[in-house]
Amino acid sequence: MKKKVLSVLLVAACAFSMAACGSDGKSEDGGDAAEKEILVMATNAEFPPYEYREGEEIVGIDIDIANAIGEELGVEVKVEDMDFDSVIPAISSGKADFGAAGLTITEERLANVDFTDTYAHATQVIIVTEDSEIAGPDDLVGKSIGVQLGTTGDIYAGDVEDSTVERYKKGFEAVQALSQGKIDAVVIDSEPAKEFVADAEGLKILDEAFTEEDYALAVAKDNEELTKKLNEALANLKESGKLDEIIGKYISADAE
């Protein structure tokens, strides 16, 4: 059984990448490299509504978009859940074909992976306690700021003068620390922020955004063919209205 699974994975790796294949398009064990049947997607299922768990199932905007892309390309998408700061390394090392985890294009990430065209707009917001004196980004100077490790909130919070950045593996852990009075504020994407604040007492989201950004899919730097195919699929989903339909399924109620 292990040998059969290995063969499937080798076939999967050969269609869009030569990492597991020889230059003649054959897998390392000599088998023919057929058309890829599986694309492995790295994510972090702690970022509602983009990716989160319902029981044992991983669901959300990014999952639905990935599955729709799979239908466009005629392949199966296999979702691998991992720590957020492991997503980019998994892609660059070949353990995953692409990543969808509310990823913003940054110079630091571009040093390790490429990105597709953007597919969603996002806003980093500030969560504070209802009695906090913090009213906007300028008031974060000298404060302790909670972030999810490896996120853009993590990157940009470090630019706040005299701030102390407390990093957590999961976003809700940062929010929990805020509720417990261990930190002064949390910087995180607006959509999960709404989810976290709705489930907590005594917290609020400030009106002024911390940053504005866009999400894209991450792909290994040597995989231009896959990047092109993902962009083509995203373009088709945008043109057909399917992309807006997927995002609206999760966000429209919150936006009202």
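Small disclaimer: the values here were computed from a predicted structure and weren't measured.
In terms of modelled atom types and a separation under 3.5 Å, the side chain of Thr43 and the main chain of Ala45 share no donor-acceptor contact. Judged by distance alone, with hydrogens and angles left aside, the side-chain atoms of Thr227 form a donor-acceptor pair with the main-chain N or O of Asn223 at under 3.5 Å. Under a 3.5 Å cut-off, the side chain of Lys95 and the backbone N or O of Val87 do not form any donor-acceptor pair. With Ser92 contributing its side chain and Val113 its backbone, the two residues share no donor-acceptor pair below 3.5 Å. For the pair Ser93 (side chain) and Pro89 (backbone), a donor-acceptor distance under 3.5 Å is present. Using modelled atom types, one side-chain atom of Asp62 and one backbone atom of Gly102 make a donor-acceptor pair closer than 3.5 Å. Counting only distance, with no hydrogens or angles, the side chain of Asp154 and the backbone of Val147 share no donor-acceptor pair below 3.5 Å. The backbone N or O of Val40 lies less than 3.5 Å from a partner atom in the side chain of Asp97, making a donor-acceptor pair.
Interatomic distance, CZ of Phe210 versus CD1 of Ile188, reported as 12.5 Å (0.5 Å rounding). Summarising the geometry, atom CG belonging to Leu230 is positioned 10.0 Å from atom CG belonging to Asp117; distances are rounded to the nearest 0.5 Å. Distance CG/Asn236 to CD/Glu71: 12.5 Å, rounded to 0.5 Å. With rounding to the nearest 0.5 angstrom, the CG atom of Leu243 is 6.5 Å from the NZ atom of Lys238. Rounding to the nearest 0.5 angstrom, the gap separating the CD1 atom in Ile251 from the CD atom in Glu191 is 4.0 Å. With rounding to the nearest 0.5 Å, the separation of OH in Tyr168 from CD in Glu46 is 15.5 Å.
Transitive grouping of hydrophobic side chains (ILVMFWY, heavy atoms separated by less than 4.5 Å) brings Leu234 and Ile63 into a common cluster. Phe84 and Phe47 fall into different hydrophobic clusters, where Ile, Leu, Val, Met, Phe, Trp and Tyr are joined by side-chain heavy atoms under 4.5 Å apart, directly or via other members. Following chains of ILVMFWY side-chain contacts shorter than 4.5 Å, one can reach Val219 starting from Ile69, so the two form part of one hydrophobic cluster. Neither Ile155 nor Ile183 shares a network with the other; the hydrophobic side chains, linked directly or stepwise wherever heavy atoms of I, L, V, M, F, W or Y lie under 4.5 Å apart, form separate groups for each. Tyr119 and Val79 fall within a single hydrophobic cluster, where Ile, Leu, Val, Met, Phe, Trp and Tyr are joined by side-chain heavy atoms under 4.5 Å apart, directly or via other members.
Using modelled atom types and a 3.5 Å distance limit, the side chains of Asn44 and Tyr52 yield no donor-acceptor pair. Side-chain polar atoms of Glu76 and Asn67 form no donor-acceptor pair below 3.5 angstrom. In the model, Thr211 has no side-chain atom that pairs as donor or acceptor with a side-chain atom of Gln124 under 3.5 Å.
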How far apart are the C-alpha atoms of Val197 and Lys204, what are their side-chain angles, what is the distance that settles it, and do they pass the side-chain contact (heavy atoms from CB on, under 4.5 Å) test?
CA-CA 6 Å; Val197 169; Lys204 65 180 181 180; 5.6 Å; no
Quick one: do Leu39 and Leu73 satisfy side-chain contact (heavy atoms from CB on, under 4.5 Å)? Show the steps, please.
CA-CA 10 Å; Leu39 283 175; Leu73 299 181; 4.1 Å; yes
Could you walk me through whether Lys242 and Glu245 satisfy the salt bridge (charged side-chain N to carboxylate O under 4.0 Å, His left out) test, starting with their C-alpha distance in whole Å, then the side-chain angles of each, then the deciding distance to 0.1 Å, before giving a yes or no?
CA-CA 5 Å; Lys242 180 67 174 179; Glu245 178 185 329; 3.8 Å; yes
Step-by-step side-chain hydrogen bond (donor to acceptor under 3.5 Å, both in side chains) determination, Thr123 to Glu212:
CA-CA 5 Å; Thr123 304; Glu212 300 281 345; 3.1 Å; yes
Decide salt bridge (charged side-chain N to carboxylate O under 4.0 Å, His left out) for Asp162 and Lys143; before the verdict, give the C-alpha distance in whole Å, the side-chain angles of both, and the deciding distance to 0.1 Å.
CA-CA 7 Å; Asp162 296 329; Lys143 304 297 185 181; over 6 Å; no
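Closest non-hydrogen pair, Ile134 versus Asp184, comes out as CD1-O, 3.7 Å. The two residues Ala174 and Val186 have their closest heavy-atom pair at O-CG2, 3.4 Å. Of all heavy-atom pairs between Met82 and Ala90, the closest is SD-CB, 3.7 Å. Closest of all the heavy-atom pairs between Ala66 and Val77 is O-CG2, 3.3 Å. The minimum heavy-atom distance between Glu208 and Gly136, with the atom names listed, is OE1-CA, 4.0 Å. Residues Lys169 and Leu149 share a closest heavy-atom pair of NZ-CD2, 4.1 Å.
Side-chain atoms of Ile91 and Phe98, non-hydrogen and from C-beta on, never get closer than 4.5 Å to each other. Ile205 places none of its side-chain heavy atoms less than 4.5 Å from the side chain of Ile126. Contact annotation: the side chain of Leu206 never approaches that of Val125 to less than 4.5 Å [non-hydrogen atoms, C-beta and beyond]. By the 4.5 Å heavy-atom criterion applied to side chains, Leu203 and Val128 are not counted as neighbours. For the pair Ile61/Ile65, a side-chain contact is recorded, criterion being any heavy-atom separation below 4.5 Å from C-beta on. By the 4.5 Å heavy-atom criterion applied to side chains, Ile145 and Glu166 are not counted as neighbours. For the pair Thr118/Ile105, a side-chain contact is recorded, criterion being any heavy-atom separation below 4.5 Å from C-beta on.
Around the NZ atom of Lys228, the shell of radius 6.0 Å holds no more than 12 heavy atoms that belong to other residues, nucleotides or ligands. Enclosure of atom CD in Gln180 by more than 12 non-hydrogen atoms of other residues, nucleotides or ligands within 6.0 angstrom is indicated. Heavy atoms of other residues, nucleotides or ligands lying less than 6.0 angstrom from CD of Glu201 number 12 at most. Counting heavy atoms of neighbouring residues, nucleotides and ligands inside a 6.0 Å radius, atom CG of Asp207 does not exceed 12 of them. No more than 12 heavy-atom neighbours from other residues, nucleotides or ligands sit within 6.0 angstrom of NZ on Lys182.
Ion pairing of Lys78 with Glu80 is present here, as a side-chain N (NZ or NE/NH1/NH2) and a carboxylate O approach within less than 4.0 Å. A salt bridge does not link Asp83 to Lys170: none of the charged nitrogens lies less than 4.0 Å from a carboxylate oxygen. Taking the charged nitrogens against the carboxylate oxygens, Lys229 and Glu232 have no contact shorter than 4.0 Å, which rules out a salt bridge.
Centroid-to-centroid, the aromatic rings of Tyr50 and Tyr250 stay 6.0 Å apart or farther.
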